[in-house]
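Let me begin by presenting the structure, written as structure tokens, before commenting on it.
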Amino acid sequence: DGGITQSPKYLFRKEGQNVTLSCEQNLNHDAMYWYRQDPGQGLRLIYYSQIVNDFQKGDIAEGYSVSREKKESFPLTVTSAQKNPTAFYLCAVGGLTDTQYFGPGTRLTVL
Amino acid sequence: QKEVEQNSGPLSVPEGAIASLNCTYSDRGSQSFFWYRQYSGKSPELIMFIYSNGDKEDGRFTAQLNKASQYVSLLIRDSQPSDSATYLCAVNMGGGYQKVTFGTGTKLQVIP
């Protein structure tokens, strides 16, 4: 069954804690993206990766880190340096064209 | 700052009517345009993409692109209550490989 999976669906973080959000795909797409969505705002790009072992900062990378060790996986770590992390986090994948497809998302809440 | 702008709505239409959603973008050199549908609490779902000036139809959906005027529209014919969602416009304004800028979305309400 092809698709994009994100886990967990809901995540709660305490102050000062790092948390990692998972994104996995079996669509064999090269490009993967992380976005953040806040109420009343458009999707904002955090990081993107075009190929394994390479990634670039997006518009709001501060307080976040990523890795791309496998084509299928692009995990996002929200560090304690991110002061306002409560948001809906969306992973997307893209192929040769610039069309992007989204996973189901992870909703992160700071306690 | 490259921008994609949409009226936040809500846009209310009666069931069976045509819903017209509009989007303007700032970069005249933009090449690719996308419409996503996002139900409350869910992730965006791609419903249309368009690259060339003119109309592109897919079932009840028609995307219209006018590059000279820098706007793209989405028409939904025979609107159904299940079409009630937020519609996101997205534009590749050439900021990098496959980098796409999203609008804030228009909330559509289809009234039975």
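Chain naming here is simple, since letters A, B, ... match the order of the sequence lines and numbering starts at 1 in each.
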Checklist entry - Given the rule that I, L, V, M, F, W and Y join up when any side-chain heavy atoms are under 4.5 Å apart, are B:Tyr71 and B:Phe34 in one cluster? => result no
Checklist entry - Looking only at heavy atoms, what is the nearest atom pair of B:Val100 and A:Tyr35, with distance? => result O-OH, 4.1 Å
Item to check | Linked, directly or transitively: B:Val110 and B:Ile47 (ILVMFWY side chains, under 4.5 Å) | outcome: yes
Next on the checklist: For the CD atom of B:Gln38 and the CZ atom of A:Phe102, what is their distance to the nearest 0.5 Å?
Outcome noted: 8.5 Å
Checklist entry - In terms of hydrophobic clustering (I, L, V, M, F, W, Y; side-chain heavy atoms under 4.5 Å; direct or indirect links), are B:Trp35 and B:Val13 co-clustered? => result yes
Checklist entry - Are B:Leu46 and B:Leu88 co-members of a hydrophobic cluster defined by side-chain heavy atoms under 4.5 Å apart? => result yes
Checklist entry - Does a sphere of radius 6.0 Å around NZ in A:Lys71 hold more than 12 heavy atoms from other residues, nucleotides or ligands, not counting ones at 6.0 Å or beyond? => result yes
Checklist entry - Checking heavy atoms, do the side chain of A:Gln6, its backbone, both or neither come under 4.5 Å from chain B? => result neither
Next on the checklist: Heavy atom to heavy atom, less than 4.5 Å: which residues from residues 15-24 of chain A reach chain B?
Outcome noted: none
Checklist entry - Just by distance, do the side chain of B:Ser43 and the backbone of A:Gly105 share a donor-acceptor pair under 3.5 Å? => result no
Checklist entry - Relative to chain B, which segment of A:Arg44 carries a heavy atom at a distance below 4.5 Å: side chain, backbone, both, or neither? => result neither
Checklist outcome for this item: Within residues 79-92 of chain A, contacts to chain B at heavy-atom distances under 4.5 Å involve A:Phe88, A:Leu90
Checklist entry - Is there side-chain contact between B:Tyr36 and A:Gln100, with at least one heavy-atom pair below 4.5 Å? => result yes
Next on the checklist: Rounded to the nearest 0.5 Å, what separates atom OG1 in A:Thr99 from atom CE in B:Met48?
Outcome noted: 12.0 Å
Item to check | Neighbour count >12 (heavy atoms, 6.0 Å) for atom CZ, B:Phe49 | outcome: no
Item to check | Part of A:Leu45 within contact of chain B (heavy atom distance under 4.5 Å) | outcome: side chain
Checklist entry - What part of B:Tyr51 gets closer than 4.5 Å to chain A, counting heavy atoms only: side chain, backbone, both or neither? => result side chain
Checklist entry - Can you hop from B:Phe61 to B:Ile50 via hydrophobic side chains spaced under 4.5 Å? => result yes
Next on the checklist: Working to the nearest 0.5 angstrom, can you tell me the gap between A:Asp38 CG and B:Thr104 OG1?
Outcome noted: 12.5 Å
